Amino acid sequence: MARLSGKVALITGASGGIGRAMTALFAAESAQVVASDLAAPEGGDAALALALDVTREEDWARAMDAVLDRFGRLDVLVNNAGLALTKSLEETTLEEWRRIMAVNLDGAFLGTRTAIGAMKETGGGAIVNLSSVAGIVGAPMLAAYSAAKGGLRLFTKSAALYCAERNYGIRVNSLHPGFTNTAMLDDITQAFGDAVTVKAKLARRQPLGRLAEPEEVARAALYLASDEATYMTGAELVLDGGFTAQ
Ligand SMILES: NC(=O)c1ccc[n+]([C@@H]2O[C@H](COP(=O)([O-])OP(=O)(O)OC[C@H]3O[C@@H](n4cnc5c(N)ncnc54)[C@H](O)[C@@H]3O)[C@@H](O)[C@H]2O)c1
């Protein structure tokens, strides 16, 4: 239970379903976890809790100062904060489109840029970007979200190549979960009717016959964050019960 021993890991969106599961697992694997969300997450196993709106450049600067003041280093960043919009493309406003881009894509860009600045000073690190199966295949009612997550997939590869070229020792990978049992999935499914019924139908459509649990996503993030994945960069780890294999 020490796969992240000695590492400091910053997780964004840590009050959400997947973020909470990652905070618990990373801490159990001996990381010092900095949990962050719009409001500082309460409870849980984090060594430090911070308010960090990922869309705000000044929040990132303040958060990184707090991490370096407290621990002197950052080894792992998980860009996990995310926001979905289930809406017809024709009804999506420009403001809604921009908000989805801001949280899912601008947030990961700002986080990655900030983390690179800190990680390169201490010999490297690992950045894990929470994309989605929606970043690999399209979905008629998730156009803005899909575009943002698809953008994040290729941003990840570009950032990985950038860091490799400069010998920073920083690996950058994307993680692509399928439908996962969290508040976000409740929001998405509510747009199609009763969330429980829609989720049951969705589960039957997955080759494994069920939805993912946040803990399963956390285990994949742990692998990418740990030194078990030292030859992995610019890669996309798909964790979708077979959804995109069809
Ligand atoms: N649940 C799924 O089916 C699923 C599938 C694939 C990918 N994902 C991705 O996994 C990640 C985690 O999602 P989740 O399912 O745990 O969702 P969630 O809604 O439970 O958690 C998302 C968290 O992000 C936070 N957040 C939103 N805007 C923010 C901002 N501007 N700054 C900081 N934090 C902000 C929210 O407060 C929330 O705590 C997201 O990036 C999501 O897109 C989820």
Side-chain angles (χ1 to χ4, degrees), residues 1-14 18-19 22-23 25-36 46-48 50 52 54 57 59-81 104-131 135 149 151-177 217-239:
M1 299 296 275
R3 291 164 69 191
L4 294 178
S5 182
K7 294 193 192 295
V8 178
L10 170 58
I11 300 173
T12 65
I18 293 172
M22 288 192 299
T23 301
L25 181 60
F26 283 24
E29 293 290 348
S30 303
Q32 289 184 292
V33 179
V34 182
S36 68
L48 181 64
L50 295 176
L52 164 59
V54 297
E57 213 166 0
D59 278 22
W60 275 106
R62 205 161 20 85
M64 194 52 63
D65 283 350
V67 170
L68 295 179
D69 271 2
R70 174 78 174 264
F71 304 105
R73 58 186 300 119
L74 178 70
D75 303 287
V76 174
L77 168 66
V78 186
N79 285 309
N80 168 71
N104 295 288
L105 199 47
D106 299 4
F109 156 66
L110 290 173
T112 300
R113 196 183 65 183
T114 307
I116 288 173
M119 288 173 174
K120 72 179 185 187
E121 301 300 328
T122 50
I127 299 174
V128 181
N129 291 328
L130 263 287
S131 180
K149 292 301 192 185
L152 183 53
R153 174 173 171 265
L154 281 183
F155 170 70
T156 299
K157 294 184 194 303
S158 301
L161 293 173
Y162 176 87
C163 291
E165 199 174 78
R166 279 160 184 73
N167 270 322
Y168 283 166
I170 302 172
R171 299 181 296 100
V172 193
N173 293 290
S174 57
L175 182 55
H176 300 258
V217 180
R219 289 201 292 272
L222 168 64
Y223 169 68
L224 291 176
S226 78
D227 290 341
E228 291 157 29
T230 43
Y231 201 55
M232 206 153 168
T233 198
E236 46 195 270
L237 184 54
V238 180
L239 177 91

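Quantities reported herein were computed from a predicted structural model and do not represent experimental measurements. Numbering of residues begins at 1 and proceeds along the displayed sequence.
Among the candidates L105, I11, V54, T112, the single residue satisfying the side chain to side chain contact (heavy atoms under 4.5 Å, CB included) test with N79 is T112. If you run salt bridge (Lys or Arg N to Asp or Glu O under 4.0 Å) between E228 and each of R171, R219, R3, only R3 comes through.
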For this session: Go through K157 and E236 one step at a time and tell me if the salt bridge (charged side-chain N to carboxylate O under 4.0 Å, His left out) criterion holds.
Result: CA-CA 9 Å; K157 294 184 194 303; E236 46 195 270; 2.7 Å; yes
For this session: Run the numbers on M22 and V217 for side-chain contact (heavy atoms from CB on, under 4.5 Å), then give the verdict.
Result: CA-CA 8 Å; M22 288 192 299; V217 180; 5.7 Å; no
Problem set entry | Intermediate values then yes/no, salt bridge (charged side-chain N to carboxylate O under 4.0 Å, His left out), D227 and K7 | CA-CA 10 Å; D227 290 341; K7 294 193 192 295; 3.2 Å; yes
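Rounded to the nearest 0.5 angstrom, F26 CZ and S226 OG are separated by 8.5 Å. The distance from atom CD of E165 to atom CG of N167, rounded to the nearest 0.5 Å, is 9.5 Å. Between the CD atom of Q32 and the CZ atom of F71 there is a distance of 5.0 Å, given to the nearest 0.5 Å. A distance of 9.5 Å separates OG1 of T114 from CG of L10, quoted to the nearest 0.5 Å.
Side-chain N or O atoms of T23 include none that pairs as donor or acceptor with a backbone N or O of A46 at under 3.5 Å. Side-chain atoms of N173 never come within 3.5 Å of backbone atoms of V128 as a donor-acceptor pair (strictly under, hydrogens ignored). A distance-only check finds a donor-acceptor pair linking the side chain of N80 to the backbone of G13 [under 3.5 Å].
Shortest non-hydrogen contact noted between A160 and T233 is CB-OG1, 3.4 Å. The shortest heavy-atom contact between A225 and A126 is O-CB, 3.9 Å. Residues A115 and L74 approach most closely at CB-CD2, 4.0 Å, considering heavy atoms. Contact between A229 and Y223 at its shortest, heavy atoms only, is CB-O, 3.3 Å. Summarising the geometry of L239 relative to A220, their closest heavy-atom pair is CD1-CB, 4.0 Å, with the distance given to 0.1 Å. The shortest non-hydrogen separation linking F155 to A108 is CE2-O, 3.9 Å.
Using a 4.0 Å cut-off between charged nitrogen and carboxylate oxygen, R62 and D59 count as a salt-bridge pair.
Here the side chains of V78 and L130 are in contact, with some heavy-atom distance below 4.5 Å. Side chains of L237 and L224 form a contact here, defined as non-hydrogen atoms less than 4.5 Å apart. Contact check for T12 versus L52: side-chain heavy atoms found under the 4.5 Å cut-off. Contact of the H176 side chain with the R153 side chain is registered, since non-hydrogen atoms from C-beta on lie closer than 4.5 Å. In this structure the side chain of L152 never reaches within 4.5 angstrom of the side chain of S174, judged on heavy atoms. Between L4 and S30 the shortest side-chain heavy-atom distance does not fall below 4.5 Å. Counting heavy atoms from C-beta on, the side chains of I170 and Y162 never come closer than 4.5 Å. The side-chain heavy atoms of I127 and I116, taken from C-beta on, include a pair separated by under 4.5 Å.
When only modelled atom types and interatomic distance are considered, N129 and T156 share a side-chain donor-acceptor pair under 3.5 Å.
E57 CD: 12 or fewer foreign heavy atoms inside a 6.0 Å radius.
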